[in-house]
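What you see is a predicted model; the values in this text were computed from it and never measured. Residue numbering restarts at 1 for every chain, and letters A, B, ... go by the order of the sequence lines.
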Protein chains: 2
Amino acid sequence: MQGQGHDLGEQRESGSARVAQSLAIAIHEHRLSPGMKLSEDEVGEIYGVSRTVVRAALQELAHDRLVELKRNRGAFVAQPSVKEAREVFEARSLLEPRTAKSAAERATPEDIKILQKHIDAEHAALHAGDTGRALHLSGKFHVEIARIADQFTVAEFIAQLVSRSSLIIALYWQRRTALCESHAHDALIKALARHDGAAAEELMQHHLLDLLTSLDLRDQPSVPKSLKEALN
Amino acid sequence: MQGQGHDLGEQRESGSARVAQSLAIAIHEHRLSPGMKLSEDEVGEIYGVSRTVVRAALQELAHDRLVELKRNRGAFVAQPSVKEAREVFEARSLLEPRTAKSAAERATPEDIKILQKHIDAEHAALHAGDTGRALHLSGKFHVEIARIADQFTVAEFIAQLVSRSSLIIALYWQRRTALCESHAHDALIKALARHDGAAAEELMQHHLLDLLTSLDLRDQPSVPKSLKEALN
DNA sequence: TGCGCTAAAATCGTATACAAAGTCGTGAAC
DNA sequence: GTTCACGACTTTGTATACGATTTTAGCGCA
């Protein structure tokens, strides 16, 4: 989300955008756990900026529901409730299957290559034991599909939902096997490559249902830990 | 100065939220036109707050794509492009029909009453010639349906899309008749009242398509507010 | 007259300062 | 020993200050 999207290597980003993105990635990769407090002074110290820009970054993340702002009490990494978790996947099931269908109908060979690179990086991260990074890349795969469909508005929503899903997974994941992801993505990319919209839609719907059912949506919270460690 | 406490009803909200909401409504009601500049000093003067809180409000609106922030140049009421307009309605057509279906299956008599009140107020505003307010209420109708469906996550997305639609209508509306709205909403509420999910889904889909086709999406962003912009 | 350059004014981006609200620990009363 | 209350400390909310960037106006020159 954050930056308008086209400038990834740019250094021109405003301070708050940089901080927000860094924090967002840290959350995606589960280096920041749900419920952890994000003190303005502490975060500002870490990034070498004043509370002003930290506040802007935290507000941005709060808008994406990655952090929760409590009035006069500060910012905390969000802890999505069970109901919110179901809502997020309900929203994804409304948006992503039909977006995947559109993507299948428009995908170019270059698009497929980019997706394949995502998958390869994801596999590599998984193999290297960096499950956090693998999860982050897995999410980007979903957003990339929306981009291929040439639907930036929907892509933004999906990006937000993917971020929140990462938080949900941190809280409610029950299986230790993260393999299902890879296979589902492999099948999806094949359907996209052969412009099989119906199959892509079906595969995406099934993939999301699989993700949802792999969660244990009866339990409750987890544990916070130190801040500086996670952000180094 | 800075009367910290002139309380108009709910003073629970933080200053920035109050300013953001006020500005958002002004945009919904077309009292602020696309492209209009929102100077931080000027807005702060109007609401009696410092630039700090104005900036927070503008950032919030920027996240909802109601205003566009240009680095070192300030905030402007957004001017959605033709492509963005199509994307917004594409996203709505993904989210709203099936949400209407869910709402139909869950709607209680109280829900129907609330919706009816919305419609009545909308009709009243229309009859009073306050088309801006009618548009605003018409939008709230759509959001309320998502609330009835008990999908707050989707409801937030719809709220944002409805806001952006208001901006799009301001730019691309071609018909002078705003009547279609009312009839469509009347039919929808009837389907909801008799728990006819399929009909509600169909009606909503058709309603959105109607809205989209009532726009003139061939022209470029409409009338520039100032001459300089036109010659920019 | 028209164009380009420079300086002044306005506006934004960020840091700092101060006030209000919240948190936590200590101690006295029961 | 437990509970409640009060005060010092911490953290947030907002205002103000200052440097950076952009815009605009004025002036000189072709």
Practice prompt. Taking the six-membered ring for Trp and the single ring otherwise, decide whether the centroids of His123(A) and His118(A) are under 6.0 Å apart.
Written response: no

Practice prompt. Take the protein atom CG of Asp41(A) and the nucleotide atom C1' of dG13(D), then report the distance between them rounded to whole Å.
Written response: 13 Å

Worksheet, complete the sentence: Separation of dT10(D) atom P from Lys70(A) atom NZ, nearest Å, is 22 Å

With the criterion being N/O to N/O and under 3.5 Å, what pairs connect the protein with nucleotides 8-10 of chain C, and how long is each?
none

Worksheet entry | Any residue of residues 51-59 of chain A with a heavy atom less than 4.0 Å from an atom of DNA chain C | Arg51(A), Thr52(A), Val53(A)

Worksheet item: How long is the line joining OH of Tyr47(A) and C1' of dT14(C), in whole Å?
Response: 18 Å

Discussion item. Measure CD/Glu40(A) against C1'/dT14(D) and give the value in whole Å, please.
Written reply: 12 Å

Discussion item. Quick one, Arg164(A) with Glu84(A), criterion side-chain contact (heavy atoms from CB on, under 4.5 Å). Give me CA distance, side-chain angles, the key distance, then yes/no.
Written reply: CA-CA 9 Å; Arg164(A) 295 167 72 174; Glu84(A) 185 177 336; 2.9 Å; yes

Practice prompt. Whole angstrom is fine here: how far is it from CG in Asn72(A) over to C1' in dT12(D)?
Written response: 6 Å

Worksheet entry | Criterion side-chain contact (heavy atoms from CB on, under 4.5 Å) on Tyr47(B) and Val43(B), from CA distance to verdict | CA-CA 6 Å; Tyr47(B) 290 100; Val43(B) 176; 3.7 Å; yes

Discussion item. Checking the side chain of Ser102(B) only, and the main-chain atoms of Arg98(B) only, is there a donor and an acceptor separated by less than 3.5 Å?
Written reply: yes

Worksheet item: Hey, what do you get for CG (Leu208(A)) to NE2 (His142(A)), rounding to the nearest 0.5 Å?
Response: 6.5 Å

Worksheet entry | Side-chain donor or acceptor of Thr99(B) paired with backbone N/O of Leu95(B) under 3.5 Å | yes

Item to complete: Report yes if a side-chain nitrogen or oxygen of Lys37(A) is closer than 4.0 Å to either non-bridging phosphate oxygen (OP1 or OP2) of dT12(D); otherwise report no.
Response: yes

Item to complete: Run the numbers on Leu94(A) and Phe157(A) for side-chain contact (heavy atoms from CB on, under 4.5 Å), then give the verdict.
Response: CA-CA 11 Å; Leu94(A) 289 180; Phe157(A) 289 151; over 6 Å; no

Worksheet item: Which one, dA15(C), dT23(C), dA15(D), comes nearest to the side chain of Arg73(A)?
Response: dT23(C)

Item to complete: Please list, chain by chain and in numerical order, all residues satisfying ring pair (Phe, Tyr, Trp, His ring centres under 6.0 Å) with His63(A), sequence neighbours excluded.
Response: His63(B)

Fill in: Chi angles and distances behind the side-chain contact (heavy atoms from CB on, under 4.5 Å) call for Ser165(A), Arg92(A)
CA-CA 10 Å; Ser165(A) 295; Arg92(A) 291 186 67 172; 2.8 Å; yes

Practice prompt. Grab the CZ-C1' distance between Arg71(A) and dT11(D) for me, whole Å please.
Written response: 14 Å

